[in-house]
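All remarks here apply to the structure that follows.
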Amino acid sequence: MSNLMSLQNSLRDALRPILKKYLRTPEKLDDYLAMIKVAQNPEHGDYQANFAMGLAKELGEKPVQIAQRIIKDLSNFPWLDTATVAGPGFINFRFKTEWLADELTSWNQRIQQSSLPSENPKTYVIDYSSPNVAKPLHVGHLRSSIIGAALVQIFRYLGHRVISDNHLGDWGTQFGMLLYGYKNLLRRSDYKKDPIAELARVYVEVRSLGDFFDTFQEGLQSQSDFDLDKVNLLSQLMNLYLSGVKKKRGILPVQSDDVKVAEGDDSQIGNKSQEKGRKGSDAEVSKAQKELIPTATGDELNENEESLSKNPVVAAYRLETVKLHAGDAENVSLWQEFMPWCMQEIEKIYARLNISFDYQHGESFYHAMLPDVVDDLAQKQILRPSQGALIYNENESARVSVVRKKDGAFTYTATDLATIKYRYDSFSPYAILYVVDFRQADHFKNLFACAKSWGYGNIDLQHISFGSVLDENGRPIKTRDGNAVQLHDLLDEAVHEARRLYELNRLDRMAQGEEIPEFSKEEIDRIAHVVGIGAVKYADLSQNRTTDYRFSLKKMLSMEGNTSTYMQYAYVRCKGILRKSGLDFEKFAQESVKIYLNTAEERRLVLKLLQWEDTVVATAKDYSPHYLCAYLWDLAGLYNQFFVHCPVLRAETEELKQSRLKLCQLTAIVIQRALNLLGIETLERM
RNA sequence: GCCCCCGUGGCGCAAUUGGAUAGCGCAAGGGAUUUCUAAUCCCUAGGUUACAGGUUCGAUCCCUGUCGGGGGUACCA
């Protein structure tokens with residue numbers, strides 16, 4: 001039973017007692033009631049019920065007969081126009097048009113409330129965005145940020161308490177890489193000028209160096225006649241090559257500040273560069289730097305011969321990470337120096353995307369809690385030792401998650417466990433939603449199972465998984481030189497393109513003798529921003545989040561079809577008419593107006609408007625913002641049809657004009673609300 | 001090797017989780033404009049839902065197998 005008033009609930013409430021009467025399995029009642037839904041084909045009716053077939057099996061009768069009996073029981077419902085049986089036993093419902101009109105009148109108040117009444121408010125922690133702060137955000141972070149932010153708004157609108165938390169990757173290996181890079185590869189003058197850019201550059205270089213050795217080693221291992229002679233030969237060749245480079249560049253010693261990257265084309269080592277989102281593997285590789293010989297000179301590197309010979313760079317930055325975690329004074333102070341720079345960069349993007357968080361508790365926040373957490377889990381034998389590490393797996397054959405490494409360092413699984421405990425202690429949430437890339441499915445499966453054994457089985461832990469962001473050819477998005485596309489560049493591009501298209505469109509309309517509103521430069525900037533950013537967000541949200549997503553600026557800004565621009569434009573049209581009517585919007589919003597639904601366009605529009613609450617509920621239930629987008633697309637399309645067929649300001653009578661103005665207003669309110677839930681802004685004119 | 005996800009008109013995607021004749025947008029072709037903002041609306045064409053079986057009143061959806069694509073697979077996160 002829901003106290004949320006909606007068309008669907010009206011039907012369900014009406015059918016509940018009737019179904020109960022026939023049902024032999026009362027526990028199935030809700031399943032059957034769930035089979036009442038919006039008609040798939042409007043020609044069949046407004047809503048349909050598909051339960052007669054299932055019921056038939058249960059009762060051993062013919063579905064059509066059962067359906068007819070149910071219809072008979074419904075005959076005294078005044079709001080029902082027709083209920084008919086079709087096909088194998090579908091029941092089609094059609095509401096009385098006058099009743100819909102009256103419903104809309106009372107709905108006028110409800111839709112203007114800032115949130116819906118919730119009969120059962122719950123606490124949700126939503127964990128989203130969660131970038132590595134050691135480097136600039138790029139497209140990979142977009143989906144988590146946008147989907148997460150939308151879910152926050154949607155759950156809040158439904159009356160729930162939502163705690164949004166950005167689980168920053170601010171303590172992991174990325175910082176070890178940054179520290180190593182800072183100590184060995186930094187260009188000091190550049191760092192002085194622009195620390196953010198220089199740290200980003202250094203990060204990419206360290207990554208490349210590490211990958212160089214991986215590739216190098218793979219090459220060695222693939223040689224079947226791998227032997228000492230070959231290694232010696234390679235070493236000689238390398239020295240030869242290096243002395244050439246040095247001569248050419250007039251460099252004698254190869255030292256940190258002078259390390260240069262030779263330009264080269266390579267497509268081999270850059271092929272696993274999709275960011276994993278949450279504290280993701282920065283497997284992003286810049287271009288080939290095979291020519292580069294590292295200057296891994298730290299004495300401390302000798303500690304681990306094995307990993308040194310495998311990959312000295314990786315060994316070196318791991319060591320920096322270990323030192324940071326162990327509280328090494330220099331590294332900690334450098335971490336404190338880097339963090340504000342990193343955060344500043346990230347906050348800039350959030351500001352543009354209009355995304356915010358209640359908390360930004362990164363990995364570092366939980367660091368001190370890890371020993372206790374892991375000890376507790378070990379003591380309860382939820383974790384077990386294996387090969388020097390402390391691991392979790394559900395059973396012998398299940399996948400293993402390392403929680404504490406053999407060198408004593410904690411992994412992100414340990415951090416995530418501590419985070420669950422912390423969130424439980426602080427917020428006692430009903431659910432925690434992790435908006436993270438699908439590739440971490442295994443991790444979360446293990447994490448959730450482990451948390452359950454640990455005693456947190458009462459929290460609804462959900463991995464809100466989403467697919468990769470790909471380019472128009474279905475490949476990971478990269479710049480021409482093989483780097484991941486940075487988010488601010490991409491947003492710039494979107495806004496720039498929005499402006500260009502606006503100008504084009506404006507010239508077009510002027511050529512056709514249309515009257516164009518004169519906008520100031522600031523207003524045009526605003527249009528470009530709202531349209532551009534909206535396009536990026538909507539394109540992402542309108543797609544089923546579980547599938548991969550092809551990022552195409554051209555398509556998302558085409559301004560035709562199912563794009564945010566289409567919705568924003570429909571909104572502008574609503575507002576345009578209302579403005580011309582001379583009515584005071586706020587005052588008119590409080591007025592109850594008699595609604596006339598004489599045309600099919602008006603009726604369809606109203607029916608869609610009244611499905612608003614059901615849509616938001618369904619969206620939240622499946623954590624699927626694209627339901628909301630589909631609704632918006634329908635609504636805006638129906639409004640445009642209404643706009644074409646039903647004159648508002650020139651309606652035949654004053655009453656009809658008022659009625660239609662009210663439809664414009666309610667449509668405007670719903671479009672704006674829906675877009676806002678998705679994190680997309682609207683304009684009054686464009 | 002093992003595990004997970006995906007395969008739907010030329011392209012990009014839906015199908016509210018087992019419902020009726022599989023929808024929509026681009027792109028293609030045709031039409032509407034002395035406009036309430038045409039960034040719009042209407043019409044046409046385009047499909048054996050990768051393939052082969054199975055389950056049942058009914059399958060894009062569930063099961064088995066095959067092919068193709070992506071991802072994961074213990075000390076990165």
Side-chain angles (χ1 to χ4, degrees), chain A residues 35 37-38 40-41 44 48 50 53-54 56-57 63 86-90 92 130 132 169 172-174 176-177 274 276-283 314 318 321 363 386-391 393 397-407 409 411-413 415 437-443 445 465 467-468 470 472 474 501-502 505 508-509 512-517 531 542-544 546-550 552 555 558-563 565-566 568-570 572-573 576-577 580-581 614-615 618-619 621-622 624 626-627 630 633 637 640-641 643-645 647-650 664 685-686:
Chain A
M35 293 167 102
K37 40 186 90 168
V38 177
Q40 290 214 330
N41 184 342
H44 294 145
Q48 65 181 50
N50 306 329
M53 283 77 79
K57 191 165 280 177
F90 297 103
N92 293 323
S130 311
N132 282 331
T173 310
Q174 341 82 14
M177 294 166 76
Q274 183 76 34
K276 288 187 187 177
R278 192 166 187 267
K279 303 164 279 168
S281 135
D282 302 295
V314 171
R318 268 194 195 146
T321 314
E363 294 171 316
S386 168
Q387 298 173 31
L390 213 47
I391 65 163
N393 58 353
S397 56
R399 207 203 119 180
V400 165
S401 290
V402 172
V403 178
R404 194 178 66 199
K405 302 193 267 187
K406 68 180 168 200
D407 64 7
T411 67
Y412 74 134
T413 304
T415 309
D437 195 313
F438 75 103
R439 274 169 288 202
Q440 292 195 51
D442 284 349
H443 163 66
K445 206 176 155 211
S465 151
S468 309
L470 307 172
E472 282 161 271
L501 287 172
Y502 170 77
N505 186 256
D508 246 29
R509 286 152 79 183
Q512 284 171 22
E514 223 183 289
E515 217 177 294
I516 305 292
V531 170
S542 61
Q543 193 160 123
N544 187 331
T546 59
T547 53
D548 285 350
Y549 160 56
R550 294 204 180 187
S552 164
K555 275 182 183 149
S558 74
M559 307 196 169
E560 281 166 8
N562 189 1
T563 61
T565 316
Y566 182 90
Q568 286 163 332
Y569 184 66
V572 165
R573 289 180 123 178
I577 291 178
K580 271 205 175 168
S581 74
D614 287 336
T615 304
T619 302
K621 181 173 161 283
D622 288 354
S624 289
H626 81 280
Y627 292 2
W633 168 238
N640 278 329
Q641 287 169 37
F643 179 86
V644 167
H645 289 102
V648 178
L649 298 178
R650 286 175 292 167
C664 290
R685 297 188 303 166
M686 59 193 276

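Naming convention: chains lettered A, B, ... in sequence-line order (proteins, then strands); numbering from 1 in each chain.
- Counting distance only, with no hydrogens placed and no angle test, the side-chain atoms of A:Thr411 and the base atoms of B:A74 include no donor-acceptor pair under 3.5 Å.
- Partners of A:Arg685 under the side-chain hydrogen bond (donor to acceptor under 3.5 Å, both in side chains) rule, at least two apart in sequence or in another chain, do not exist in this structure.
- Rounded to the nearest Å, the gap between the C1' atom of B:A59 and that of B:G54 is 11 Å.
- Closest contact between the side chain of A:Lys57 and the listed nucleotides B:U37, B:C57, B:C26 involves B:C57.
- Here the side chain of A:Glu560 is nearest to one of B:C41, B:C26, B:C76, namely B:C26.
- Side chain of A:Arg439, nearest nucleotide from B:G12, B:A39, B:G72: B:G72.
- Take the nearest nucleotide of RNA chain B for A:Arg685 and for A:Asp407: the residue whose nucleotide is more 5' is A:Arg685.
- Between B:G10 and B:A28, the two C1' atoms lie 10 Å apart (nearest whole Å).
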Which letter, B, S or -, goes with each nucleotide of nucleotides 14-22 of chain B from 5' to 3', with contact meaning a protein heavy atom under 4.0 Å? SSSB-BB--
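- Within the 4.0 Å cut-off from OP1 or OP2 of B:G12, at least one side-chain nitrogen or oxygen of A:Arg550 is found.
- Between A:Tyr566 and B:C41, a side-chain N or O to OP1/OP2 separation shorter than 4.0 Å is present.
- Phosphate proximity of B:A39 to A:Asn505: present, with a side-chain N or O under 4.0 Å from OP1 or OP2.
- Summarising the geometry, atom CD belonging to A:Gln543 is positioned 9.0 Å from atom CG belonging to A:Asp548; distances are rounded to the nearest 0.5 Å.
- Of the inter-residue distances, the one linking A:Ser542 atom OG with A:Asn562 atom CG reads 5.5 Å to the nearest 0.5 angstrom.
- Remark: P of B:U40 and CZ of A:Phe643 are 12 Å apart, rounded to the nearest angstrom.
- Counting atom types as modelled, A:Arg399 pairs no side-chain N or O with a base atom of B:A74 as donor and acceptor under 3.5 Å.
- Residues passing the side chain to side chain contact (heavy atoms under 4.5 Å, CB included) test with A:Val314 are A:Asn311, A:Tyr317, A:Arg318, sequence neighbours excluded.
- Checking B:U37, B:U73, B:A39 against the side-chain heavy atoms of A:Ile577 singles out B:U37 as nearest.
- When the P atom is used for both B:C3 and B:U44, the distance is 49 Å, rounded to whole Å.
- Using P as the reference atom, B:C43 and B:C5 are 40 Å apart when rounded to the nearest Å.
- Atom OH of A:Tyr502 is separated from atom P of B:U37 by 14 Å (rounded to the nearest Å).
- Nucleic acid contact for A:Glu472: none, since no nucleic acid atom lies under 4.0 Å from a heavy atom of the residue.
- Listed by chain and residue number, A:Arg399 satisfy the salt bridge (Lys or Arg N to Asp or Glu O under 4.0 Å) test with A:Asp442 (two or more places apart in sequence, or in another chain).
- Nucleotide B:C76 holds its C1' atom 10 Å from the CG atom of A:Asn132, rounded to whole Å.
- Nucleotides B:U66 and B:C24, compared at atom C1', are 32 Å apart to the nearest Å.
- Between B:G68 and B:A50, the two C1' atoms lie 8 Å apart (nearest whole Å).
- Across the protein-nucleic acid pair, A:Phe438 atom CZ and B:C6 atom C1' stand 9 Å apart, rounded to whole Å.
- The CG atom of A:Asn132 lies 9.0 Å from the OG1 atom of A:Thr173; values are rounded to the nearest 0.5 Å.
- Rounded to the nearest 0.5 Å, atoms NE2 (A:His44) and CZ (A:Phe90) are 8.5 Å apart.
- For the pair A:Arg318 and B:C76, the criterion of a side-chain N or O lying under 4.0 Å from OP1 or OP2 is met.
- At a threshold of 4.0 angstrom between heavy atoms, the contacts of A:Asp442 are confined to the sugar-phosphate backbone, with no base atom among them.
- Here the straight-line distance linking atom CG of A:Asn393 with atom OG of A:Ser401 works out to 8.0 Å at 0.5 Å rounding.
- Counting only Watson-Crick or G-U wobble pairs whose defining distances are both under 3.5 Å, the stems of 3 or more consecutive pairs in RNA chain B are B:1-7 with B:67-73, B:10-13 with B:23-26, B:28-32 with B:40-44, B:50-54 with B:62-66.
- Using a distance-only test at 3.5 Å, with no hydrogens or angles considered, no donor-acceptor pair links the side chain of A:Ser468 to the main chain of A:Leu470.
- A:Val648 comes within contact range of at least one nucleobase, with a heavy-atom separation under 4.0 Å.
- Listed by chain and residue number, A:Thr546, A:Thr547, A:His626 satisfy the side chain to side chain contact (heavy atoms under 4.5 Å, CB included) test with A:Asn544 (two or more places apart in sequence, or in another chain).
- Counting heavy atoms from C-beta on, the side chains of A:Ile577 and A:Leu649 come closer than 4.5 Å.
- B:U17 has its base syn relative to the sugar, with a glycosidic angle deviating from 0 by at most 90°.
- On the C1' atoms, B:G65 is 28 Å away from B:G9, given to the nearest whole Å.
- Spacing between atom CD of A:Gln568 and atom P of B:U40 amounts to 12 Å, rounded to whole angstrom units.
- Nucleic acid contact class of A:Ser386 (heavy atoms, under 4.0 Å, all strands): base.
- Comparing the C1' positions of B:U16 and B:C61 gives a spacing of 13 Å, expressed to the nearest Å.
- OP1 or OP2 of B:C13 has not a single side-chain nitrogen or oxygen of A:Lys555 nearer than 4.0 Å.
- Distance A:Asn562 CG to B:C41 P: 12 Å, rounded to the nearest Å.
- With 3.5 Å as the limit, one finds a donor-acceptor pair spanning the side chains of A:Asn640 and A:Tyr566.
- Atom C1' of nucleotide B:A74 and atom CG of A:Asn393 are separated by 10 Å, given to the nearest angstrom.
- Atom CD of A:Gln641 is separated from atom C1' of B:C42 by 9 Å (rounded to the nearest Å).
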